[in-house]
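Residue numbers count from 1 along this sequence.
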Amino acid sequence: VQLQASGGGLVQPGDSLRLSCAASGRIFSKYAVGWFRELPGKEREFVAAISWSGGSTYYADSVKGRFTISRDNAKSTAYLQMSSLKPEDTAVYYCAASNYLPTTVMGEYDYWGQGTQVTVSS
């Protein structure tokens, strides 16, 4: 499956932004989807994940209550709604697909999209 992340940009602290992850090539509904981010000078870290049906979601503690992951299998697209953004959310955000259960472990994802830059600054 090919993944295309989009929706990044420059926003101010407290703003909201929605990232999209469009999939093509295979049956999107068979895959769990995760979002990861890479902060400047740091390793890529888990942000959120969602099961193939959308019935189960998982979040990093740092974004819990502010970010919401969702998916629309009819559109082969997953989303990351980000609210109350903080400067420390500034990162390149990546979406990934897993053949198995949603997981926080980067190595368990089989397919990756290119990143989309999110910058939170006043």
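- Between Asp89 and Lys86 there is no salt bridge, since no side-chain N of the basic residue sits under 4.0 Å from a carboxylate O of the acidic one.
- Using a 4.5 Å heavy-atom threshold, the side chains of Leu10 and Ser121 count as touching.
- Annotation: Glu43, atom CD; neighbour count of heavy atoms from other residues, nucleotides and ligands within 6.0 Å does not exceed 12.
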Original post:
Step by step, would you call Thr103 with Phe46 a side-chain contact (heavy atoms from CB on, under 4.5 Å)?
Top reply: CA-CA 9 Å; Thr103 172; Phe46 170 76; over 6 Å; no

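- Side-chain contact between Thr77 and Ser20 is present, with heavy atoms from C-beta onward closer than 4.5 Å.
- Pairing each heavy atom of Leu80 with each of Ala48, the nearest pair is CD1-CB, 4.1 Å.
- Between Pro102 and Tyr58, the closest heavy-atom pair is CG-CE1, 3.4 Å.
- When ring centroids are compared, Tyr111 and Tyr31 come within the 6.0 Å threshold.
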**OP:** Test Val120 against Gln12 for side-chain contact (heavy atoms from CB on, under 4.5 Å), laying out the working first.
**Re:** CA-CA 5 Å; Val120 185; Gln12 294 187 339; over 6 Å; no

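- Under a hydrophobic-cluster definition in which Ile, Leu, Val, Met, Phe, Trp and Tyr are linked whenever side-chain heavy atoms come within less than 4.5 Å, directly or via other members, Val63 and Val11 are assigned to the same cluster.
- No donor-acceptor pair closer than 3.5 Å links the side chain of Gln114 to the backbone N or O of Gln4.
- Contact check for Phe67 versus Ser83: no side-chain heavy atoms found under the 4.5 Å cut-off.
- Looking only at side-chain heavy atoms (C-beta outward), Leu19 and Val118 come within less than 4.5 Å of each other.
- Between Ala78 and Val33 the shortest heavy-atom distance is CB-CG1, 3.8 Å.
- The shortest side-chain heavy-atom distance between Arg37 and Tyr94 does not fall under the 4.5 Å cut-off.
- Here OG of Ser53 is found 8.0 Å from CZ of Arg71. Values are rounded to the nearest 0.5 Å.
- Within the model, atoms OG of Ser56 and CD1 of Ile50 stand 8.5 Å from one another, a figure rounded to the nearest 0.5 Å.
- In terms of heavy atoms, Ala32 sits closest to Leu101 at CB-C, 3.9 Å.
- In this structure, Arg66 and Leu85 approach most closely via the heavy-atom pair NH1-CA, 3.9 Å.
- Rounded to the nearest 0.5 angstrom, Thr68 OG1 and Tyr79 OH are separated by 14.0 Å.
- With a 4.5 Å cut-off on side-chain heavy atoms, Val47 and Tyr93 count as touching.
- Without hydrogens or angle criteria, Ser51 side chain to Gly55 main chain gives a donor-acceptor distance under 3.5 Å.
- With a 4.5 Å cut-off on side-chain heavy atoms, Ser76 and Ser24 do not count as touching.
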**OP:** Give the intermediate values and the outcome of side-chain contact (heavy atoms from CB on, under 4.5 Å) for residues Thr116 and Val92.
**Re:** CA-CA 5 Å; Thr116 185; Val92 178; over 6 Å; no

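- Heavy atoms of other residues, nucleotides or ligands lying less than 6.0 angstrom from CD1 of Ile27 number 12 at most.
- Side-chain atoms of Arg18 and Met82, non-hydrogen and from C-beta on, never get closer than 4.5 Å to each other.
- Closest of all the heavy-atom pairs between Leu3 and Ala23 is CD2-CB, 3.7 Å.
- Between the side chain of Ser98 and the backbone N or O of Tyr109, no donor-acceptor pair lies under 3.5 Å.
- Between Trp112 and Phe36, the two ring planes are tilted [angle within 30° to 60°].
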